Amino acid sequence: MGDQNIRPHWRRSSFSTAGVDNCVEVAFVDHKVWVRDSNAPQLPALSFPRRTWRAFLTRLEPPSA
């Protein structure tokens, strides 16, 4: 993931449900968004440009009624 000295502030995704084991966490680092499995934080995280992350979230939004 690049610089191993970075200590990102991880937060649980708002799409995750409390008490469920399949949760992701995100951290905003410079111009990237890091995503990791909250059950395996020791594994490498995925990294996306912020523009790509924004496009992904836009696709998740339900259409307005």
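Heavy atoms only: backbone and side chains are in, while hydrogens, waters and symmetry mates are out. Just so we're clear, the structure is a prediction, and the values are computed from it rather than from any experiment.
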Asker: Quick one: closest heavy-atom pair of Arg50 and Val29, and the distance?
Answerer: NH2-N, 4.3 Å
Asker: Is any side-chain heavy atom of Arg12 closer than 4.5 Å to one of Ser38?
Answerer: yes
Asker: Are the side chain of Asp30 and the backbone N or O of Lys32 linked by a donor-acceptor pair below 3.5 Å?
Answerer: no
Asker: Would you check if the side chain of Ser47 reaches a backbone N or O of Trp34 as a donor-acceptor pair within less than 3.5 Å?
Answerer: no
Asker: Within the side chain of Arg59, is there an N or O that forms a donor-acceptor pair under 3.5 Å with the backbone of Arg54?
Answerer: no
Asker: For the atom pair CZ (Arg36) and CG (Leu46), what is the distance rounded to the nearest 0.5 Å?
Answerer: 12.0 Å
Asker: Where do Trp53 and Val35 come nearest, in terms of heavy atoms and distance?
Answerer: CZ3-CG2, 3.5 Å
Asker: Nearest heavy-atom pair of His9 and Ala27: which atoms, and what distance?
Answerer: O-CB, 3.6 Å
Asker: Check whether any side-chain heavy atom of Phe28 sits under 4.5 Å from a side-chain heavy atom of Arg11, and report yes or no.
Answerer: yes
